[in-house]
Protein chains: 2
Amino acid sequence: MPDSPTKPRREQIHDVASRLFSERGYHATSMRELAGELGMQGGSLYAHINGKEDLLVQIVNRASQQFDEALFPLRGQNLPADDKLREAMHRHIMVVADNMDSATVFFHEWKHLSPEAYARVTGWRDTIDRFYRELVSEGIQSGVFRPDLDVKMTSLLILSTVNWTYTWFRPEGTLTPRDIADGFAEMILSGLRAR
Amino acid sequence: MPDSPTKPRREQIHDVASRLFSERGYHATSMRELAGELGMQGGSLYAHINGKEDLLVQIVNRASQQFDEALFPLRGQNLPADDKLREAMHRHIMVVADNMDSATVFFHEWKHLSPEAYARVTGWRDTIDRFYRELVSEGIQSGVFRPDLDVKMTSLLILSTVNWTYTWFRPEGTLTPRDIADGFAEMILSGLRAR
DNA sequence: CCTACCGATCGGTAGG
DNA sequence: CCTACCGATCGGTAGG
């Protein structure tokens with residue numbers, strides 16, 4: 001039951017802020033607009049939060065956390081590299097699709113964070129990068145992937161396709177994250193060229 | 001000779017605005033900051049421009065134009081689909097790489113444009129989409145690409161990789177747009193899987 | 001959660 | 001291109 005009436009006020013603020021920040025941008029959203037959408041006055045927000053930047057930090061942190069929780073458990077699993085790639089792309093795209101607003105804020109506004117929060121996000125980016133590089137390396141070593149692949153370029157190719165979904169995915173459309181992940185993975189694994 | 005001292009003032013304003021908008025975001029950049037970097041007072045800017053939004057419109061329009069000029073001439077050329085794909089990706093990535101600031105503004109701030117400018121950008125996006133879908137369709141019909149490809153998904157795969165370069169390309173790095181385009185195209189065409 | 005208010009800063013203009 | 005200024009709005013606070 002999304003948006004149940006008993007949802008804590010802080011959750012409501014987080015959700016509305018995610019939507020407004022993603023639609024208009026962080027700096028272009030005023031605290032009065034945010035308060036208005038929640039049916040309260042501007043100053044009343046500060047009974048629940050510490051400040052505008054805290055909202056941004058929360059949104060970005062939660063997004064990072066969701067990516068971590070989705071991908072990290074895959075590291076230990078003993079799957080063939082092609083299956084693991086398909087599964088990782090599916091999970092990655094699911095996080096984006098299920099959190100289109102926070103994902104947009106995550107990709108657009110992380111540069112505007114305070115130095116500490118900025119460093120944390122940069123650290124997360126590196127973690128995800130490493131995850132995909134490891135996946136590619138393992139695939140090469142196990143003989144599932146071509147031996148002449150450049151690990152860095154390959155992981156960038158994968159990251160491009162899964163991250164870019166935040167720009168075009170529509171929840172009301174016909175494509176599910178499963179469809180997208182399977183379609184992209186199949187093309188990436190087998191190539192476009194006719195045999 | 002970039003940034004020659006005789007560069008028209010309007011060009012200088014355009015360049016500095018692109019950089020500031022891409023680094024801090026459109027709304028977070030004040031006209032006084034912009035003026036300061038150009039060695040003038042805030043009000044003096046309005047001797048050269050009509051307003052802040054005009055700057056954004058100019059940056060986005062010029063970026064759209066560069067994509068158009070790079071890709072559109074390829075439409076008529078009678079190249080094999082794989083060669084045409086490689087060439088299109090190279091040109092697309094070159095535009096991004098040569099205009100990292102305006103490309104970032106283009107991808108991040110187009111939502112904040114006035115309705116008319118917004119519609120123009122949306123129209124451009126559709127044009128580029130059509131370009132890549134045509135390229136894929138031609139490749140299927142000529143037998144160069146697999147017949148079971150989904151045209152929409154395939155063009156989204158391509159667009160993801162070329163557009164996402166705005167987030168990670170570094171002009172001071174070792175990879176050239178040629179390297180990136182050739183590397184991505186080869187992987188997309190032949191696939192990651194070992195034979 | 002509201003009312004009333006703070007200093008700061010915003011984009012933009014007038015007149016030179 | 002500068003000085004001086006405009007009304008509007010910003011994030012945030014005090015006191016209740």
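Just so it is clear, the values below take in all heavy atoms, side chains as well, and ignore hydrogens, waters and symmetry mates. The chains referred to below are lettered A, B, ... by the order of the sequence lines, with proteins before strands, and numbering in each begins at 1.
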Under the side-chain contact (heavy atoms from CB on, under 4.5 Å) criterion, do A:Glu134 and A:Ser155 qualify, and how do the steps go? CA-CA 9 Å; A:Glu134 277 180 29; A:Ser155 64; over 6 Å; no

When you check the gap from the basic side-chain N to the acidic O, do [X] and [Y] get nearer than 4.0 Å?
| X | Y | value |
| --- | --- | --- |
| B:Arg75 | B:Glu87 | no |
| A:Lys152 | A:Asp150 | no |
| A:Lys111 | B:Glu23 | no |

Evaluate the side-chain proximity of [Y] to [X]: yes if any heavy-atom separation is below 4.5 Å, no if none is.
| X | Y | answer |
| --- | --- | --- |
| B:Phe145 | B:Thr154 | no |
| B:Leu55 | B:His14 | no |
| B:Arg9 | B:Met40 | yes |

Between P on C:dT13 and CD on B:Gln41, what's the gap in Å once rounded to a whole number? 18 Å

When the distance from CZ of B:Arg24 to C1' of C:dC10 is rounded to whole Å, what number comes out? 15 Å

Determine, step by step, whether B:Glu37 and B:Arg19 satisfy the side-chain contact (heavy atoms from CB on, under 4.5 Å) criterion, reporting the C-alpha distance in whole Å, the side-chain angles of both residues, the deciding distance to 0.1 Å, and the verdict. CA-CA 11 Å; B:Glu37 298 239 357; B:Arg19 182 165 53 81; 2.7 Å; yes

A:Arg9 side-chain proximity, nearest of D:dC2, C:dC1, C:dC2: C:dC1

What residues in residues 42-59 of chain A put a non-hydrogen atom under 4.0 Å from any atom of DNA chain C? A:Ser44, A:Ala47, A:His48

Interface residues of residues 27-39 of chain B with DNA chain C (non-hydrogen, below 4.0 angstrom): B:Thr29, B:Ser30, B:Met31, B:Arg32

Passing option when B:Tyr166 is tested against B:Phe107, B:Phe67, B:Phe106 for ring-ring contact (aromatic ring centres under 6.0 Å, His included): B:Phe107

Do the rings of A:Trp168 and A:Phe184 sit parallel, tilted or perpendicular, given the 30° and 60° boundaries? perpendicular

Where does DNA chain C form stems of at least three consecutive Watson-Crick or G-U wobble pairs, each pair having both distances below 3.5 Å? C:1-16 with D:1-16

